[in-house]
Amino acid sequence: MVSLQELMAYLDELLEPQRFNDYCPNGLQVAGKPIVKKLVVGVSASQSLIDEAIRLKADAILVHHGYFWRGEDPRITGIKQQRIRKLLQHEISLIAYHLPLDAHPIYGNNVQLAKILDIDVEHSYDIERIPNLLWVGSLQHATPGSELAQKIGQILKREPLYLPGSDKLISKIAWCTGAAQDFIEQAASHGVDAYITGEVSERTFHFVQETGLHFYAAGHHATERYGVQALSEHLAHYFGITQQYVEIANPI
Ligand SMILES: [Zn+2]
């Protein structure tokens with residue numbers, strides 16, 4: 001077991017949230033029991049994840065998408081009240097890391113996505129002064145766009161929305177997990193053949209048509225499953241606590 005205080009000190013040192021001007025507070029968002037033996041892990045702190053954490057007798061929940069987003073109504077009402085009431089009732093802490101968990105060079109969503117898709121990481125770039133947000137690398141073999149779409153679908157267990165580009169095989173590739181469709185122009189500026197992210201917009205189609213870049217919307221949830229899992233496996237090993245990832249299916 002580990003004290004909540006020690007766990008948070010370790011996470012804040014590892015993930016360096018102070019380097020990020022984020023859209024939400026990073027770290028401990030809701031304080032629960034002072035001791036953590038069991039960690040339940042998921043992508044988003046939805047009611048279903050909380051219910052599962054209660055069932056699994058978790059002391060803390062670790063997520064990528066927590067609460068208190070910039071611009072949202074700060075009052076604790078509606079579904080936010082229901083979620084926080086359950087957490088407090090069961091003394092379950094909510095720990096959330098957003099951008100720091102996208103960017104981390106070992107446990108980050110982007111590095112972990114490259115790992116499962118067999119992409120060799122070459123470089124990461126800052127975007128709007130947010131460190132390591134856009135990643136560039138290469139495939140081991142030049143691959144037709146449709147073949148890469150199939151591979152992404154199989155590995156992430158979710159069919160991507162694929163917008164085909166030019167006839168050129170894909171070898172150099174850029175990616176950013178989540179809702180990063182509007183980094184497509186920065187991605188293209190690095191001379192890549194394809195761009196992978198989670199979500200898509202109407203305007204993405206025209207960009208692809210006019211540049212010949214291949215584009216994959218591989219799922220916001222699906223591309224952001226892997227950082228929290230890598231991190232929690234590390235924490236379990238490091239502190240001798242138990243952890244369990246809970247997949248709450250989300251088609252977006
Ligand atoms: Zn996200």
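The residues of the chain are indexed from 1 along the displayed sequence. Whatever order the structure lists ligands and atoms in, that order sets their numbers, starting from 1.
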Participant: Would a 4.5 Å heavy-atom cut-off, applied to side chains only, mark L156 and I116 as touching?
Facilitator: yes
Participant: Taking atom types as modelled, find out whether Y245 and E247 have a side-chain donor-acceptor pair closer than 3.5 angstrom.
Facilitator: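 Short answer, yes.
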Participant: Can you list everything that forms a side chain to side chain donor-acceptor pair (under 3.5 Å) with E202? Sequence neighbours excluded, please.
Facilitator: H206
Participant: Using the ring centroid of each side chain, check whether F215 and F207 are separated by less than 6.0 Å.
Facilitator: no
Participant: Below 3.5 Å, can you tabulate the donor-acceptor pairs from side chains in residues 31-41 to any protein atom, sequence neighbours excluded?
Facilitator:
| residue | atom | partner | partner atom | Å |
| --- | --- | --- | --- | --- |
| K33 | NZ | D59 | OD1 | 3.3 |
| K38 | NZ | Q244 | OE1 | 3.3 |

Participant: The Zn ion (ligand 1): which protein N, O or S atoms are under 2.8 Å away?
Facilitator: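 Near the Zn ion (ligand 1), below 2.8 Å, one finds H65 NE2, H220 NE2, E224 OE1.
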Participant: Not counting sequence neighbours, which residues clear side chain to side chain donor-acceptor pair (under 3.5 Å) with K151? List them please.
Facilitator: D118
